[in-house]
Structures are given as structure tokens and as C-alpha cells.
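Read through the structure below, which is laid out as C-alpha cells, and then see the notes.
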Amino acid sequence: MDNLNTVKQRFGIIGNDPKLNHAIERTLRISPTDISVLVSGESGVGKEFIPKIIHAFSARKHNQYIAINCGAIPEGTIDSELFGHEKGAFTGALTTRKGYFEVADGGTIFLDEVGDLPLSTQIRLLRILESGEFLKVGSSALQKTNVRIVAATNINLVEAIQKGKFREDLYYRLNTVEIKLPTLRERKVDIPFIFTKFSNDFAEKYRRPSIKLSEEAMDFIKNYSWPGNIRELKNFSEQLSVEELNKEVDLEKIKTYFSEKSNRVLLLINKKTDENNFANERDILYRVLFDLKKDLNDLKKITLELIKRPGEKLDRIEDVEAIQRLFNEKNQIEVIENTNNDFSPILNSTYNQIANYPTDTNRNKDFLPLNSIELESLSLQEKEIEMIKLALDKNKGKRNKAAQELGISERTLYRKIKQFDL
């Protein structure tokens, strides 16, 4: 316990929650080894302290420790940042550059938000974990490095694997040992101590009296969910220290801050919902198009029979009923119309030309030849072009926003625009 308290004091960790203590104790046990560690937990729980503890209590403590936020490095330059590059490897590579894995040889690298790594970079990282070998960008000469990797993530990597966004083999190599940090709402008993520490720190920083909460106000923040965890509590403490002139803060005053916070969160949720609407409507459209494609295959069979009998009228009641059954059921089209989007015109002409085809149970009535009906093309490529144009028009040509609405990356959208000459 003395060693545990020493570690907390050294790294500024506050709290005595059993889950937190267990995570730190496991970290101390594995620190002297060289095994890879995956730190998991929600955003803001303090995952960055674990690799620092690991490095400080390992045999590598006198060598380099480098922390890298994988989500903050652009995809086009991340390989160069991590593994280095040769002079002339790409435009702007005026000199040879060492990457982090070369600089940290003999030390520890902390890969924060490892789930944001591109798949191509994941392959390079897997090679380092397996053999310690890597290639600089633009080089064919293998280099060796002896680096311990600690990775962290706030996303579910198993779900990312299922979606094809993270390599399964890399997950198992990183996850030799997993350290899971508890959320702040799981550490309610620690909240008063953490708030007091932050309040005192900000009072000293801004040269103001330290904020103290009434008993009711403290109970309120203890039972708040804190979705942003410790980071959110720290920001809240700083806001109080700056805005409140009174040393004592009661429950009613605290509630005003959380009321404003709830409104901001609600706006963010609504914004995210609006952004997802386009994707949901696109999925519905695709499903309807696939259903119509299947129906058209059935109609082709009827058409082939008529081709064998040129000039004949469509007088078989079975054929008429087949068309009526396939296209006079308006429910499929209504699914699109009820979404209140801009896509229903894509299918209007197809429906109008086919759903209103004359039918009659009287076999002697003359019908138009089937080949007189001109069906609008249901090519998926053409519909893809239509949707890209709609997204670009809706966002006034802003490609980044159009790509977000289409659910694809900007790079993919640029490629599609060039491919279809839009």
C-alpha cells in the first residue's frame, strides 16, 4: 500500500477506489517486463498515466519515452512520423528523417487512440511487434528497433475488427495484458477529493479563494454521470474558479451550470442525429433499389417470352398480374417518400411508367406491347452518381461535408468525382 500511495503522489493520481487501485497495482506488476500493454477506458479517465508508470518502473526508464496521439496525425504523414523517411521519398521530403520508432530505440512508445491508425500503418506496426523490423518510407533497407509499445483506446476494438477497421492479429499482439481504467461515475467516493484538488490548484493559478461546495452541491456532483470523466470535472472546477466570486457555492448555483451543460450536450446530440439522417435514408434507398432490381429480373423473363413472339400483345393474364403485383404495390416507393428526402424523384418516372400499366381480367382486351414501356435505368453506378450530385448540391459543393453525409471518406469522394468526371 505504501508503494501504491507513493506512485499516486508521484504521478498526481487522486483517489482510493478499489478498481483504480487494482489497475495501478497490475501496472506495477507488469512494468519490469517487456510485454505489450493495451490501456482501455472512456475518454478522460486518465489513460495517459499508465504508460508513464510502466516506463518509470521498467528497465527502460533511462531511455526515451514518446507519447503519440495517433488520431492527431494526418493519414498521409503518419508512416513518415512513426517510421521515418528517406530524402526524396515524397514531395517535400528534402532530408532524411528519423521516425519515432528509431528515436525511441531502447525506450517506450505510447500510442494513444491506436484505433485511429490506418490499416496500412497497422501492418507496419504488426511487423515491429513481431520482429522489431521496419522500413523507412522510400527505403528498402530493413532497420531494427527495440521498443516497448503501450497502446490506449477509448473505442471498442472488437467492434472495429468486425467492421474491418482494425486488424485482428494486431489486436491480439497489443492486448497481451489489458489495463482497464474505471469511469469517474464508478468512483463516486473519489469525486470530492478530486474536485477539492482541482479547486485548490485553480485558486492558486488565478489568485482567487478556493471554491467550496455546500453539502447538497457536493452530493449533486457526486451523483452526476460525468460523461467526460476527470477531464470534464477539471474543466468544471476551472469554470467555477473563474466565474464564481463567492467562496461558498450552493446547490441552486451548481444547477445553473449543469443546466447550461445539458443544453450544449442536447445540441450536440441533435447535430449528430441530423448528420446520420442522410446515411439512414441512403440505406433505405439502396434496399429499395435492390428489391426493384430483383423485380426487374422477374420482368425480364416475361420480356424474353415476348421477344420470341414479336408483335404479339401482352394478353396473358398471368403476365399482367405479375407486372401489377410487382409495381402496383406502392408501399416500397412510399418508404422513400416518407423519409422526406430528395431522393424520391429518382424512382418517380420508373414507378409512373410501370405501376400505371393497364390491366384487366378480361383476356380479350388489347394491351400495349411490353416493349413500349421505357424503364428508367436502375444501374447502381448511375444511382451512385445521382447521390453524389445530390450531396454536393445540398452542401453547396463542400466536399468534406458531402463526404460525411454520404458516409465515405473525403479521399473516396475525390476518387469518385474524378472517376465519374463530375
Side-chain angles (χ1 to χ4, degrees), residues 36-41 43 47-48 50-52 54-55 63-161 163-176 399-400 403-404 407-415:
S36 301
V37 180
L38 179 65
V39 187
S40 62
S43 178
K47 296 186 292 292
E48 66 276 5
I50 299 299
K52 291 179 181 178
I54 288 175
H55 181 72
N63 295 320
Q64 282 271 14
Y65 168 80
I66 299 178
I68 304 164
N69 188 332
C70 300
I73 305 176
E75 183 175 340
T77 62
I78 192 164
D79 284 352
S80 172
E81 293 288 326
L82 294 179
F83 310 106
H85 64 255
E86 293 291 343
K87 180 180 179 180
F90 51 84
T91 303
L94 303 179
T95 60
T96 298
R97 179 187 183 280
K98 290 183 177 182
Y100 294 131
F101 279 97
E102 186 175 358
V103 173
D105 188 18
T108 305
I109 282 186
F110 171 44
L111 298 177
D112 196 9
E113 306 302 344
V114 71
D116 291 335
L117 283 176
L119 288 172
S120 58
T121 307
Q122 292 178 31
I123 296 173
R124 288 173 173 264
L125 180 58
L126 180 64
R127 185 172 188 175
I128 284 184
L129 284 165
E130 291 179 341
S131 63
E133 298 176 341
F134 69 96
L135 290 171
K136 283 186 176 181
V137 177
S139 173
S140 58
L142 274 178
Q143 291 186 238
K144 297 279 288 186
T145 185
N146 178 16
V147 172
R148 183 180 191 174
I149 296 176
V150 181
T153 181
N154 61 1
I155 66 171
N156 190 323
L157 290 183
V158 175
E159 290 182 3
I161 292 169
K163 294 176 182 178
K165 295 182 178 180
F166 200 82
R167 292 182 61 92
E168 185 175 7
D169 46 5
L170 177 58
Y171 169 73
Y172 289 116
R173 289 308 300 261
L174 290 173
N175 194 20
T176 307
R399 296 180 179 181
N400 57 339
Q404 290 176 3
I408 59 178
S409 66
E410 286 187 55
R411 181 182 298 178
T412 301
L413 178 59
Y414 294 155
R415 180 170 55 80

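How far OG1 of T176 is from CG of L38: 9.5 Å, rounded to the nearest 0.5 Å. Expressed to the nearest 0.5 Å, how far OG of S40 lies from CG of L157 amounts to 8.5 Å. The distance from atom CD1 of I66 to atom CZ of F110, rounded to the nearest 0.5 Å, is 13.5 Å. Taking CG of L126 as the start and CZ of R173 as the end, the distance is 7.0 Å to the nearest 0.5 Å. Here the CG atom belonging to L135 is positioned 5.0 Å from the CG atom belonging to L142, to the nearest 0.5 angstrom. Taken from CG in D79 to CZ in F90, the straight-line distance is 10.0 Å, to the nearest 0.5 Å.
A donor-acceptor pair under 3.5 Å is absent between the side-chain atoms of E113 and the main chain of G71, judged by distance alone. No side-chain donor-acceptor contact under 3.5 Å links R148 to the backbone of V37. In terms of modelled atom types and a separation under 3.5 Å, the side chain of S131 and the main chain of R127 share a donor-acceptor contact. A donor-acceptor contact shorter than 3.5 Å links the side chain of Q122 to the backbone of L117. No donor-acceptor pair under 3.5 Å is formed between the side chain of R399 and the backbone N or O of L413. A distance-only check finds a donor-acceptor pair linking the side chain of D105 to the backbone of N146 [under 3.5 Å]. In this structure, the side chain of H85 engages the main chain of T95 through a donor-acceptor pair within 3.5 Å.
Relative ring orientation between Y65 and H55 is described as tilted, the plane-to-plane angle lying within the 30° to 60° band.
In this structure, L125 and L111 have side chains that are in contact, with non-hydrogen atoms separated by less than 4.5 Å. Counting only heavy atoms from C-beta outward, the side chains of Q64 and V103 approach each other to under 4.5 Å. Proximity of I128 to I149: side-chain heavy atoms (C-beta onward) are separated by under 4.5 Å at one or more points. In this structure, the side chains of K47 and N154 come closer than 4.5 Å at one or more pairs of heavy atoms. At a threshold of 4.5 Å between non-hydrogen side-chain atoms, the residues T121 and F83 count as touching. Inter-residue side-chain proximity for T96 and E86 is flagged as met; some heavy-atom pair is nearer than 4.5 Å. Two residues are said to be in side-chain contact when any heavy atoms from C-beta on lie closer than 4.5 Å; R124 and L82 fail this criterion. Between F134 and E102 there is a side-chain heavy-atom pair separated by less than 4.5 Å.
Between I109 and A104, the closest heavy-atom pair is CG1-CB, 3.7 Å. Here the shortest heavy-atom pairing between C70 and V114 reads SG-CA, 4.2 Å. Closest non-hydrogen pair, T153 versus G115, comes out as OG1-N, 4.4 Å. The two residues G106 and N63 come nearest to each other via the heavy atoms O-ND2, 2.8 Å.
By the 6.0 Å contact criterion, OH on Y172 is open, its count of non-hydrogen atoms from other residues, nucleotides or ligands being 12 or less. Taking a 6.0 Å sphere around NZ of K87, one finds it holds 12 or fewer heavy atoms contributed by other residues, nucleotides or ligands.
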Evaluate the criterion side-chain hydrogen bond (donor to acceptor under 3.5 Å, both in side chains) for residue pair S80 and T77; output intermediate values, then yes/no. CA-CA 5 Å; S80 172; T77 62; over 6 Å; no
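Screening L174, L119, I155 against F166 for a side chain to side chain contact (heavy atoms under 4.5 Å, CB included) leaves a single residue, L174.
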